[in-house]
Amino acid sequence: MPYKIVFFGTSEFSIPSLQALIQDQRFEVTAVVTKPDMPIGRHQTMTEPPVKLLAKKFNIPFFQFQKIKTPDTYQILSDLQQNHDIDAYVVVSYGKIIPQNILDLPKKGVINVHGSLLPKHRGASCVQAAIAAGDQQAGVSIMLLDAEMDHGAILAQAETKIPEAETGGELHDRLAQMGGELLTDTLVNYFENKITPQPQNHALATYCKILKREDGQIDWNKSAKEIANLIRAYNPWPGTWFEWQGKRIKILKALAVDQSINIQQPSIRQLIQDQKRLLILCGDQNFIEILELQPEGKKTMSSQTYLAGHKI
RNA sequence: CGCGGGGUAGAGCAGAUGGCAGCUCGCCAGGCCCAUAACCUGGAGGUCGUGGGUUCAAGUCCCACCCCCGCAA
């Protein structure tokens with residue numbers, strides 16, 4: 001008898017985990033819960049979440065609750081529990097807070113895949129937070145869900161080195177994959193009581209908030225190193241940008257320059273051209289060299305290309 | 001029809017009031033130098049997004065359409 005799972009997830013990060021569960025004979029994904037379709041993109045076209053598309057592909061019944069903290073929602077999930085005797089919920093990047101009365105439904109509890117080495121980087125933007133903080137290591141944690149955010153006892157973790165130039169998007173994809181790989185065996189071991197959940201050391205916890213576009217605005221008073229990490233972390237979401245002559249310029253790729261550069265009267269937050277390099281002075285008197293950028297209304301381009309058409 | 005910017009040489013940009021299509025980079029050929037993302041000389045490369053319209057004359061003015069992008073979500 002396979003373990004019966006209800007999967008809660010929405011974004012791309014959820015996909016490898018859901019896929020791992022579907023393909024593993026030891027599990028049966030009885031149902032999927034995902035967020036409602038959202039109008040997305042420049043033309044506000046209604047778009048189905050990736051998890052919904054995967055559920056449809058494998059003919060798994062799915063629910064898209066508008067609100068989850070309602071009696072109706074509870075009733076539906078409660079009925080599901082009655083009819084199918086669900087073993088556990090698996091929550092991966094669902095995007096909504098699940099109330100306690102629903103968390104209490106499945107027999108063996110609720111398991112969450114989180115993209116950081118808990119207790120570090122609790123919260124919604126854990127992957128970006130790791131790179132922005134200049135961490136050498138990142139990882140995934142599989143944990144029990146409790147009432148507080150990313151607070152539950154840990155069942156398993158996997159670590160990985162963050163390469164020098166890795167972007168948030170790249171790390172995100174790797175961690176999603178790692179999460180899926182670690183999930184299935186961990187679940188089975190947990191169900192068979194081979195794992196003792198380890199409480200987190202809450203004193204060491206750090207938190208990150210959900211990111212919005214505005215969070216990508218560069219504060220040039222920070223150090224070049226911090227800014228370079230932020231640019232790397234926030235690529236591709238939410239992106240980093242600054243105002244230049246009334247327009248936004250996104251920065252997609254940049255380096256903190258460690259050598260000293262001879263420039264007369266450099267001023268902070270101004271674009272500076274040195275030879276064929278595009279530089280900006282940061283708060284710690286070091287420079288950021290912009291390698292790839294995107295002016296508002298334009299496609300992305302290299303700094304050399306930008307300089308070919310813009311006099312500074 | 002949520003708001004806005006834009007499509008001109010391989011790339012990035014200029015092209016008031018319509019009047020021979022230009023700049024920077026790249027590319028090709030040659031030169032120079034111990035050497036260079038250096039410099040010098042010469043050269044190729046454009047149906048100006050598409051289709052109509054106005055005009056002696058349209059990249060430029062009018063209309064329609066296609067495509068790209070920023071914001072917002």
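Chain identifiers are assigned alphabetically (A, B, ...) following the order of the sequence lines, protein sequences preceding nucleic acid strands; residue numbering begins at 1 within each chain. Since we're looking at a predicted model, the values are computed, not measured. What you see below is based on every heavy atom in this structure, not just the backbone, and it leaves out hydrogens, waters and symmetry mates.
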Item checked: Residue matched to B:C61 through Watson-Crick or wobble contacts both under 3.5 angstrom ->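 In the structure as shown, B:C61 has B:G53 as its Watson-Crick or wobble partner.
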
Next item on the list: Could you please name the partner base of B:G18, counting Watson-Crick and G-U wobble pairs only when both distances are under 3.5 Å?
Entry: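 Answer to the pairing question: none, since B:G18 forms no Watson-Crick or G-U pair.
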
State, yes or no, whether a side-chain contact exists between [X] and [Y] at a heavy-atom distance under 4.5 Å.
X	Y	result
A:Phe242	A:Ile280	yes
A:Glu214	A:Trp241	yes
A:Lys253	A:Asn235	no
A:Tyr306	A:Leu271	yes

At less than 4.0 Å, is any side-chain N or O atom of [X] found next to OP1 or OP2 of [N]? Yes or no.
X	N	result
A:Gln294	B:C69	no
A:Lys250	B:G70	yes
A:Arg42	B:C69	yes
A:Lys276	B:G26	yes

Note to self: How close do A:Ile227 and A:Lys222 get, counting heavy atoms only, and between which atoms?
What the structure shows: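 Nearest pair, atom of A:Ile227 first, then A:Lys222: CD1-O, 3.7 Å.
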
Can you tell me how far [atom2] of [N] sits from [atom1] of [X], to the nearest Å?
X	N	atom1	atom2	result
A:Leu293	B:C69	CG	C1'	14 Å
A:Gln44	B:G70	CD	C1'	14 Å
A:Ile40	B:G70	CD1	P	14 Å
A:Gln304	B:C27	CD	P	11 Å
A:Ile249	B:G70	CD1	P	14 Å

Next item on the list: Please check if any side-chain donor atom of A:Gln157 sits under 3.5 Å from a side-chain acceptor atom of A:Ser141, or the reverse.
Entry: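 On atom types as modelled, these side chains qualify, holding a pair under 3.5 Å.
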
Note to self: Is a donor from one side chain sitting under 3.5 angstrom from an acceptor on the other, for A:Asp173 and A:Gln177?
What the structure shows: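 No, A:Gln177 and A:Asp173 have no side-chain donor paired with an acceptor closer than 3.5 Å.
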
Check: Which hydrophobic side chains are connected to A:Leu80, either touching it within the sub-4.5 Å cutoff or through other members that do?
Finding: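 Besides A:Leu80, the hydrophobic cluster comprises A:Val6, A:Phe8, A:Val33, A:Phe63, A:Phe65, A:Ile68, A:Tyr74, A:Ile76, A:Leu77, A:Ile86, A:Tyr89, A:Val91, A:Tyr94, A:Ile98, A:Ile102, A:Leu103, A:Leu105, A:Val110, A:Leu118, A:Met143, A:Leu145, A:Ile154, listed by chain and residue number.
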
Notebook entry, point to check: When Ile, Leu, Val, Met, Phe, Trp and Tyr are grouped by side-chain heavy atoms lying under 4.5 Å apart, directly or through other members, which residues fall in the same group as A:Tyr234?
Noted result: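 Result for A:Tyr234 is A:Leu211, A:Leu230, A:Trp237.
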
Taking the [atom1] atom in each of [N] and [M], what is the distance between them to the nearest angstrom?
N	M	atom1	answer
B:C61	B:A16	P	9 Å
B:G15	B:A9	C1'	15 Å
B:A21	B:A35	C1'	40 Å
B:C25	B:C33	C1'	23 Å
B:G26	B:U54	C1'	40 Å
B:C13	B:G7	P	9 Å
B:A58	B:U17	C1'	15 Å
B:G46	B:G59	C1'	11 Å

Notebook entry, point to check: So, is B:C20 syn or anti if syn means the angle is within 90° of 0?
Noted result: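 Syn conformation for B:C20.
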
Checklist line | All pairs passing salt bridge (charged side-chain N to carboxylate O under 4.0 Å, His left out) where residues 154-172 of chain A contributes a residue, at least two apart | finding: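 Matches after skipping sequence neighbours: A:Glu166-A:Arg174.
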
Are any protein N/O atoms closer than 3.5 Å to N/O atoms in nucleotides 11-14 of chain B? If there are, list each pair with its distance.
unit_1	atom_1	unit_2	atom_2	d
B:G12	O2'	A:Thr305	O	3.3
B:G12	N2	A:Ala308	O	3.0
B:C13	O2'	A:Gly309	O	2.9

Next item on the list: Scan residues 209-217 of chain A against RNA chain B and write down, sorted by residue number, each residue with any heavy atom closer than 4.0 Å; if none is found, say none.
Entry: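 Within this stretch, A:Arg213, A:Glu214 sit under 4.0 Å of the strand.
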
Note to self: Taking side chain to side chain donor-acceptor pair (under 3.5 Å) as the cut-off, I'd like each qualifying pair that reaches into residues 10-19 of chain A, sequence neighbours left out, listed once.
What the structure shows: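 Checked against side chain to side chain donor-acceptor pair (under 3.5 Å) - neighbours excluded - the pairs reaching residues 10-19 of chain A are A:Ser11-A:Ser93.
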
Check: When we call it a touch if two heavy atoms are under 4.0 Å apart, what does A:Lys311 touch: a base, just sugar-phosphate, or nothing?
Finding: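 If one applies the 4.0 Å heavy-atom cut-off, A:Lys311 turns out to touch nothing in the nucleic acid.
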
